[in-house]
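Chain naming here is simple, since letters A, B, ... match the order of the sequence lines and numbering starts at 1 in each.
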Amino acid sequence: MTGKRVTFSNTWLAALLIAPQLVLVFTFFYWPAGEALYWSFTLEPPFGGENQWVGWQNFKTVFEDPLYWNSVRISVVFALSSTVLAMGIALVLAVFVDRRLPGYQAYRFMYFWPYAVAAPAVGLAFRFIFAPDAGFVSALNQWYPGIWNPARDGVDAVILITLANAWSMVAYNFIFFLAGLQSIPRTLTEAAAMDGSGVLRRMADIQFPLLAPTFFFLVVINLTDSFVNSFGIVDITTAGGPARATDLMVYKIYSDGFKGKDYSLAAAQSLVLMLLVVSLTFIQFRFVERRVHYT
Amino acid sequence: MRVAGQTRPANEGHPMARNRLSIAALALAATIGAAQAQTPRVKFEYWYGLTGQLGEVMAEHCKRFNESQPKFEAVCVGQGGYDRAEQNTIAAFRARQHPTIVQIYDAGTVNFMLSQATYNAVQFAKDFKMKIDWNDYFPGIRSYYATSKGEMWSFPYNSSSAVMYWNRAEWAKIGRTTPPATWEQFERDMRALKAAGHSCAYAFDFDTWQSMEQLSAIHNQPVATLGNGYEGLGAELVINQGLFPRHVANLKTWQDEGLARVQTAQTGKTIVQAFADGTCASMLSSIANHGVVGDTGRPGLEWDVAMIPVYEGFSRHNSLVGGASLWVMANKSKEEYEAAAAFLDFVLTPAEVKWMPNVTGYIPITVPAFNQMRDEGFYAQPKFKGREVAMQSLTFTPPTKNTSGIRLGNFTSIRSEVRSELEAIMNGQKTVEVGLNDAVARSNHILRRFEQTFRGRTLP
């Protein structure tokens, strides 16, 4: 972080130029967030009218519920493991393409497709493929009966949604990693190669350190996305089951608010989720970014 | 009725909203264009929740109305699922953009009764001189949507009830030609089927509609205090007492012994799919799936429907209606209300009531229409054979306090609490007692929150 600053002499023009963006942010973020803040301290009847101020009651209800903490725990496990998985796979794929392995042009084109598939469609596909009775993976159960059953086993169900989420994130990560790798000057790796370092040594000492900014950016995006964007996959794949094993925080908000019409409880939970994501991002910027060197 | 992947009408509530909306928008644009050319018709908006083939039937019903007369025009918009129809109506009402009529599923009845956003049906029919005779509705249908004083606040529309589907050919292998009338007999049949080499005599899932709601009704057992919630918002769930724990314990035993099997979308096949392809020999499901099984069943599948078995020592009572009713919303113009009244009168004419069972698995909702259909030999046709079982089940006795319906606040969340606990019980994480006690405790918490949210309002 440097102390360089660009200043505009014409403040009015600057304000005018950023106004549309500010209006959008206000309408689609601050306004609803403000409304949610208000609802979380009241009891809001679905059709509106006479809502009552109840102070911290909604938050108390949320925090005193042992199943809520269960939901937080699952969300954290889900976010971390799908981030690691999605970034790991994407990095390997990007390195392959960057090294121009045979057929890399086709891969480069194809790997991006999954990102264009909507979350419910991903969920539906994974539900079919991994169905214990009828899916492709049911062959596993023929060899070892009962080894894979996301409909009964909570761990299997979490693995299933993690795979589905990671699969759809790999494409996005891949593009960024590939762009990052390709922006590393060839002369550096060539020089290293001439000094006799092998492929893995060059990756470890040159490419990965130079990829640090991309890496950091993707960690932030992947974690945030896993926390707030995963309900489409959960809804179609497991519907939060079995026995709440995949009841992620964001899915719980959806079911309490939109299915149960308990707007106040959902508002309180979404504030908690928002604070969690904000603080995670803050920690990342405060402590992790220090180690990142922008070139 | 709940949505998404449940066992009732297989294609209800699937997320095809965008598609449907854009089609509806096109239709809207087309009708606006057409109407401007001619004398203006009085328009009103009608939102429906059903999707898939049933959504097409809803749109077709509007078309039939629009073609039946020149004065009014129903502008019908599918909302992509029952729960979305409710959500969208709430959001639209808050923004004063709501439709005149909306189709709301059974579980949404409480919210609408307490909403102060509707035009109560009896008053509406009186104010706009509808031809409706409330006594035409079957009592079991009427009671589900009526207030505690028996007054109708909405117009029952697409209706179904639960029945047992059984595979005749499989039963014939164990030398039986009649369906089991009691659960005790059913258990003996399942053991015989297993002995005969059948790996799934009975398919079930965690949907509470059949196992909890219908089973409690036909045994005249309460699901909640205060007449299943009809008498006030202070009701409490009581499913951890009486017959339900016994039935859940039986399901668990049957599952563990390999007689019965859980079939859900997550295991690969829903109960309807598992029954239709012959994997499982029986299931409890909505009569609305009669057509689905008929259309998608494996060739040569010999099947029939029967009333849900009753435990020995209990006398059979009427089962509950499932489906949706039509609500008239408040704050619309007089012209829109006149058009809406014409539409409601139209869908209640015997010809239209009779049309619905022909194109869906739903039952005729009025007595005159049912009698006509029976006399015309509708139920003798091979395709519709057995549909009358749902009517027998629904009208078996006059509704009692326990069999009128279930009127609990935030019932969708209660269903999902019970479902989660049933999953935990069947997976062996909890005993029947602990699981059902937890379900009751959590549901009662939901009910108290609902009561507090609607403080100062009383159920009509």
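Both the backbone and the side chain of A:Leu265 come within less than 4.5 Å of a heavy atom of chain B. Contacts of A:Asp65 with chain B are made by side-chain atoms alone, with heavy-atom separations under 4.5 Å and no backbone atom involved. In this structure, no portion of B:Gln273 lies under 4.5 Å from any heavy atom of chain A. For A:Tyr263, the part lying under 4.5 angstrom from a heavy atom of chain B is the side chain only. Contact of B:Gln452 with chain A is made through backbone and side chain together, with heavy-atom distances under 4.5 Å. Neither the backbone nor the side chain of A:Thr42 comes within contact range of chain B, judged by heavy atoms closer than 4.5 Å. For A:Ala239, the parts lying near chain B are the backbone and the side chain together; criterion is any non-hydrogen pair under 4.5 Å. Both the backbone and the side chain of B:Arg455 have a heavy atom closer than 4.5 Å to some heavy atom of chain A.
Residues B:Phe112 and A:Pro46 have side chains not in contact (no heavy-atom distance under 4.5 Å, counting atoms from C-beta outward). Under the 4.5 Å side-chain criterion, counting only non-hydrogen atoms from C-beta, B:Arg449 is in contact with A:Leu43.
No donor-acceptor pair under 3.5 Å is formed between the side chain of B:Arg419 and the backbone N or O of A:Ala243. In this structure a side-chain-to-backbone donor-acceptor pair under 3.5 Å is missing from B:Asp83 to A:Lys259. Checked by atom type and distance alone, the side chain of A:Arg244 never pairs as donor or acceptor with a backbone atom of B:Ala424 at under 3.5 Å. Side chain of B:Gln266 to main chain of A:Ala131: no donor-acceptor pair is present (N/O by atom type, distance under 3.5 Å, no hydrogens or angles).
Of the residues considered (A:Asn149, A:Val54, A:Thr237, A:Asp256), A:Thr237 shows the highest number of contacts with chain B, using heavy-atom pairs under 4.5 Å. Of the listed residues (B:Asn410, B:Thr453, B:Thr267), the greatest number of heavy-atom pairs within a distance under 4.5 Å of chain A belongs to B:Thr267. Per-residue counts of heavy-atom pairs under 4.5 Å with chain B were compared for A:Asp247, A:Thr238, A:Leu160; the largest is that of A:Thr238. When the candidates B:Gln429, B:Gln255, B:Lys269, B:Lys430 are compared by the number of heavy-atom contacts under 4.5 Å with chain A, B:Gln255 comes out ahead.
Closest non-hydrogen pair, A:Ala151 versus B:Asn427, comes out as O-ND2, 4.5 Å. Here the closest non-hydrogen pair linking B:Gln87 and A:Phe258 is NE2-O, 3.0 Å.
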Practice problem: Could you check A:Phe47 against B:Thr118 for side-chain contact (heavy atoms from CB on, under 4.5 Å), going step by step and ending with a plain yes or no? | Solution: CA-CA 11 Å; A:Phe47 281 88; B:Thr118 64; 5.9 Å; no

Practice problem: Could you walk me through whether A:Lys261 and B:Thr412 pass the side-chain contact (heavy atoms from CB on, under 4.5 Å) test, one step at a time? | Solution: CA-CA 9 Å; A:Lys261 318 277 179 312; B:Thr412 318; 5.5 Å; no

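Salt bridge status for B:Glu423 with A:Arg152: absent, with no side-chain N to carboxylate O gap under 4.0 Å.
Taking OG of B:Ser420 as the reference point, atom CG of A:Leu67 lies at 8.5 Å (rounded to 0.5 Å).
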